Amino acid sequence: MPLATSDKLALSALIVHGFSRCARSNTVVSVKNTVRVMTIEHARAHILPKPWGVVDLCPWSNAVHNGDAIGEIWYERSTAATADPSLLLKLLFTNQPLSIQVHPDDAYAQSIGLPNGKTEAWYVLSAAAEAKIALGLKQRITPQQLRQAIDDGSISSLVVWRAVAPGDSIFVPAGTIHAIGAGLVIAEIQQRSDATFRIFDYGRRRELHIDDAIAVADAGPADLRVIPTRLADTRTLLTANAHFTFEKVDLAPNSAWRLEAEQETWFLVINGNARLGSFEVAMGDAIFAQSDRVNIHAGRTGLVGLVAYTGGLIPELLRCVNMETTQ
């Protein structure tokens, strides 16, 4: 039902704008007494040491650390939020193979007291000549056979290793036995969860989680490479599932756009530079937005980014504003 004129005026009067270096939040209270927080933030990069990581994070990060091997960068909201986001955006850096592992789905995670499971997707940013990832097993085996393969270490020869190259996309639903090899930089979007059940760790003596892994694993072949779908000249769909939609965007030099970020949205710059909202961003920078529109002005070399958001595919995710008439 259309709003009356008085309601429109009341709604307009309740929009409050606030700006800071790290975030811009606009709070809108509707005539139905619901509260919506409109947010654009420059995400904070949190580095995590890992035994399989690397020392040099360039060109993705200039973060100062103590010479530790850094395996992950987690992008976090820059302000204290009332609730954690649904998604977690990461960069992974590998100098050794990660453990062979599996993640639970929502039902199993909740049965052991965790809020949700972990479905994820990867986009390969950099790959050494022989870099590989593992997805699924060479053949379907029973839970008893899986336990035996874990116990005697033969699981390492049962997983299917596949060569990867920059630009490859991989979908890893919960329950998929998988691993990431050495020599890779990967952008990962996932359900916000750290529920990982390791089943083989290359002698690093970390805890294994055999019973949980057997309970959740789809112990068979998996063919989960993504065939990208071109949605428009600027947009390529990488994967869409019940938990998130993942896209790659490629914007021309000096072009201007509006990103519709009604849902929880993460934007990672993987090439070029731009002004996103009020922030100057370059390779390795990320933006969090929700219930807002993000104005994007691509730099002189253009902008390539990865966009992940909750909910289904948004047909009008990007709108060119170069030709729009100023209101």
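Note that the structure is a prediction, hence the values are computed from the model and not measured. This chain uses plain numbering: 1 for the first residue, then up along the sequence. Note: hydrogens, waters and symmetry copies are ignored here, and every other heavy atom, side chains too, is used.
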Kindly write out the residues that satisfy salt bridge (charged side-chain N to carboxylate O under 4.0 Å, His left out) with [X], not counting sequence neighbours, or none if the list is empty.
X      : answer
Asp68  : none
Asp223 : Arg162
Lys248 : none
Arg44  : none

Look at the side chain of [X] and the backbone N and O of [Y], then say whether any donor-acceptor pair between them is shorter than 3.5 Å.
X      : Y      : answer
Arg230 : Ala232 : yes
Thr142 : Gln145 : yes
Thr245 : Ala240 : no
Thr229 : Leu237 : no
Lys90  : Ile186 : no

> Can Ser99 and Gln101 be said to form a side chain to side chain donor-acceptor pair (under 3.5 Å), step by step?
Replying inline: CA-CA 6 Å; Ser99 63; Gln101 57 188 240; 2.8 Å; yes
> Between Tyr75 and Gly284, what is the shortest heavy-atom contact and its length?
Replying inline: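 Reported closest heavy-atom pair: OH-O, 2.7 Å.
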>> On a heavy-atom basis, which atom in Ile214 and which in Pro143 lie closest, and how many Å separate them?
In response: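 Shortest heavy-atom contact: CG2-CB, 3.9 Å.
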Pairs under 3.5 angstrom only: tabulate donor-acceptor contacts from the side chains of residues 146-153 to other protein residues two or more places apart or in another chain.
{"residue": "Arg147", "atom": "NH1", "partner": "Asp211", "partner atom": "OD1", "Å": "3.1"}
{"residue": "Arg147", "atom": "NH2", "partner": "Asp211", "partner atom": "OD1", "Å": "3.0"}
{"residue": "Gln148", "atom": "NE2", "partner": "Asp152", "partner atom": "OD2", "Å": "3.4"}
{"residue": "Asp152", "atom": "OD1", "partner": "Ser154", "partner atom": "N", "Å": "2.8"}
{"residue": "Asp152", "atom": "OD1", "partner": "Ser154", "partner atom": "OG", "Å": "2.6"}

> What residues form a side-chain contact (heavy atoms from CB on, under 4.5 Å) with Ser126, not counting sequence neighbours?
Replying inline: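 Ser126 satisfies side-chain contact (heavy atoms from CB on, under 4.5 Å) with Val185 once adjacent residues are dropped.
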Side-chain polar contacts of residues 106-117 - donor-acceptor pairs under 3.5 angstrom, sequence neighbours left out - could you list them?
{"residue": "Asp106", "atom": "OD1", "partner": "Gly117", "partner atom": "N", "Å": "2.8"}
{"residue": "Asp106", "atom": "OD1", "partner": "Gln191", "partner atom": "NE2", "Å": "3.0"}
{"residue": "Tyr108", "atom": "OH", "partner": "Asp212", "partner atom": "OD1", "Å": "2.6"}
{"residue": "Gln110", "atom": "NE2", "partner": "Pro115", "partner atom": "O", "Å": "3.1"}
{"residue": "Ser111", "atom": "OG", "partner": "Tyr108", "partner atom": "O", "Å": "2.6"}
{"residue": "Asn116", "atom": "ND2", "partner": "Arg192", "partner atom": "O", "Å": "3.3"}

> Who are the side chain to side chain donor-acceptor pair (under 3.5 Å) partners of Gln290, not counting sequence neighbours?
Replying inline: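 By the side chain to side chain donor-acceptor pair (under 3.5 Å) rule, Gln290 matches no residue at all.
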> Testing Glu264, Gln190, Gln263 for side chain to side chain contact (heavy atoms under 4.5 Å, CB included) with Leu87, which one passes?
Replying inline: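 Only one option passes, and that is Glu264.
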> Does anything in residues 147-189 pair up under ring pair (Phe, Tyr, Trp, His ring centres under 6.0 Å), and if so which pairs, sequence neighbours excluded?
Replying inline: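 Counting only pairs at least two positions apart or across chains, the ring pair (Phe, Tyr, Trp, His ring centres under 6.0 Å) contacts touching residues 147-189 are His103-His178, Trp122-His178.
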> Are Val54 and Tyr202 connected in a single hydrophobic cluster, I mean Ile/Leu/Val/Met/Phe/Trp/Tyr linked by side-chain heavy atoms less than 4.5 Å apart?
Replying inline: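 The answer is no; the residues belong to distinct hydrophobic clusters.
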> With hydrophobic residues grouped by side-chain heavy-atom distances under 4.5 Å, do Leu158 and Ile210 end up in a single group?
Replying inline: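 Yes: a chain of side-chain contacts under 4.5 Å links Leu158 to Ile210.
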> Do Arg319 and Glu260 sit within salt-bridge range, that is, some charged N less than 4.0 Å from a carboxylate O?
Replying inline: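 Looking at Glu260 together with Arg319, the answer is no, because their closest N to O distance does not fall below 4.0 Å.
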> So, are Arg235 and Asp250 salt-bridged, with charged N and O less than 4.0 Å apart?
Replying inline: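 The answer is no: the pair does not qualify as a salt bridge.
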> So which pairs with a foot in residues 166-177 pass salt bridge (charged side-chain N to carboxylate O under 4.0 Å, His left out), sequence neighbours left out?
Replying inline: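 The answer is Asp168-Arg225.
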> Got Leu268 and Leu89 here, is their nearest side-chain heavy-atom distance under 4.5 Å?
Replying inline: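 Side-chain contact under 4.5 Å: yes.
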>> Please determine whether side chain to side chain contact (heavy atoms under 4.5 Å, CB included) holds for the pair Leu238 and Tyr123, giving the CA-CA distance in whole Å, both sets of side-chain angles, and the decisive distance to 0.1 Å.
In response: CA-CA 9 Å; Leu238 302 180; Tyr123 183 87; 3.7 Å; yes
> With sequence neighbours left out, what residues match Phe288 under ring pair (Phe, Tyr, Trp, His ring centres under 6.0 Å)?
Replying inline: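 Residues passing ring pair (Phe, Tyr, Trp, His ring centres under 6.0 Å) with Phe288: Trp266.
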Acceptor/donor pairs from residues 300-311 side chains to any protein atom, 3.5 angstrom cut, sequence neighbours excluded:
{"residue": "Tyr309", "atom": "OH", "partner": "Glu247", "partner atom": "OE2", "Å": "2.6"}
{"residue": "Tyr309", "atom": "OH", "partner": "Ile314", "partner atom": "N", "Å": "3.2"}

